[in-house]
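The block underneath contains the structure these notes are about, expressed in structure tokens.
Each ligand, and each atom within it, is numbered from 1 in the order the structure gives.
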Amino acid sequence: MSSRNTHRRLDDELAAAAAAYQASTIIPHCPQCSNSCCRLDPLVLELEWKQVRTLWRIEEARAAFDRRLASGNGPQEIRAGNGLYYAHGKPCPAFNEAGGSCSVYGEPVKPAGCSDFPVYEDGGSIVADLRCEAVDREALVAWIGQAVGQGFRVVSHADEEFPFLVTLSLKKAKVREIRNRA
Ligand code: SF4
Ligand code: SF4
């Protein structure tokens with residue numbers, strides 16, 4: 001198998017492991033989370049126009065909405081930029097505070113960033129956001145190690161500027177390490 005195919009397969013395995021961690025550990029905790037990411041504080045939600053229009057129930061055309069936003073009369077939590085919109089500082093309108101649930105769960109309008117948060121694969125590594133109280137760094141390292149097998153060891157390091165962002169990288173395990181684990 002070519003090295004590109006091997007990398008792609010490893011990336012796929014990491015993405016599958018991240019999704020499985022979310023399903024087994026994160027999502028079950030969401031209904032009782034004490035600081036839901038859906039309150040969008042401190043998280044920022046990146047949105048396309050269609051998502052803004054649907055979630056905020058905007059009835060006017062995009063150009064009119066953009067003018068309103070630029071004049072300061074739009075939703076205060078939304079900023080426009082680079083053809084996208086960014087919501088921050090107020091709960092997402094799809095968030096059901098009482099039940100701790102999302103009213104668009106599983107629907108195409110749900111932003112990709114919501115599904116990725118707090119653990120996702122990125123360019124052959126796993127990124128974890130420790131601002132989510134359900135993430136356990138050591139348990140996640142063990143989970144990823146289990147998923148990729150004995151041929152690798154998982155190394156985690158925190159971002160210097162944003163230490164709540166942790167990257168888990170794979171290093172090829174030395175033969176001695178593999179023997180010690182066997
Ligand atoms: S912060 Fe984590 S546990 Fe809380 S609602 Fe978001 S994903 Fe779920
Ligand atoms: S769309 Fe759903 S998951 Fe995403 S922030 Fe809003 S309520 Fe939360």
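Between the side chains of W56 and E77, at least one donor N or O sits under 3.5 Å from an acceptor N or O.
We find the CG-CD distance between L168 and E121 to be 12.0 Å, quoted to the nearest 0.5 Å. Remark: K50 NZ to L55 CG distance equals 11.0 Å, nearest 0.5 Å. Atoms CD1 and OG1, from I126 and T167 in turn, are 10.0 Å apart once rounded to the nearest 0.5 Å.
Near V104, the atoms of ligand 2 lying under 4.0 angstrom from a non-hydrogen atom of the residue are 1 (S). Close contacts between ligand 2 and F95 involve ligand atoms 7 (S) [criterion: under 4.0 Å to a heavy atom]. Counting atoms of ligand 2 from 1 in the listed order, those under 4.0 Å from a heavy atom of C114 are 1 (S), 3 (S), 4 (Fe), 5 (S). The distance from ligand 2 to the heavy atoms of K110 drops below 4.0 Å at these ligand atoms: 3 (S).
Look at E59 and R53 and you find no salt bridge, because none of the NZ, NE, NH1 or NH2 atoms lies under 4.0 Å from a carboxylate O.
Not one N or O on the side chain of N82 forms a donor-acceptor pair closer than 3.5 Å with the backbone of L84.
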Determine, stepwise, if the pair Y85 / D66 fulfils side-chain hydrogen bond (donor to acceptor under 3.5 Å, both in side chains). CA-CA 10 Å; Y85 298 87; D66 283 348; 2.6 Å; yes
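Atom 8 (Fe) of ligand 2 has no N, O or S atom of C92 inside 2.8 Å of it.
Checked against side chain to side chain contact (heavy atoms under 4.5 Å, CB included), R131 has the following partners two or more places apart in sequence or in another chain: P42, L43, D129, F164.
In terms of protein heavy-atom proximity, atom 2 (Fe) of ligand 2 is nearest to C102 SG, 2.3 Å. For atom 8 (Fe) of ligand 2, the closest heavy atom belonging to the protein is C38 SG, 2.3 Å.
Under a hydrophobic clustering in which Ile, Leu, Val, Met, Phe, Trp and Tyr are joined whenever their side-chain heavy atoms come within less than 4.5 Å, directly or via other members, F152 and V141 fall into the same cluster.
Across all non-hydrogen atoms, the minimal contact from V166 to R137 is CG1-NE, 3.8 Å.
The set of protein atoms (N, O or S) found at less than 2.8 Å from atom 2 (Fe) of ligand 1 reads C132 SG, by chain and number.
For atom 1 (S) of ligand 2, the candidate residues are S115, P111, G113, P91; the nearest heavy-atom contact is made by P111.
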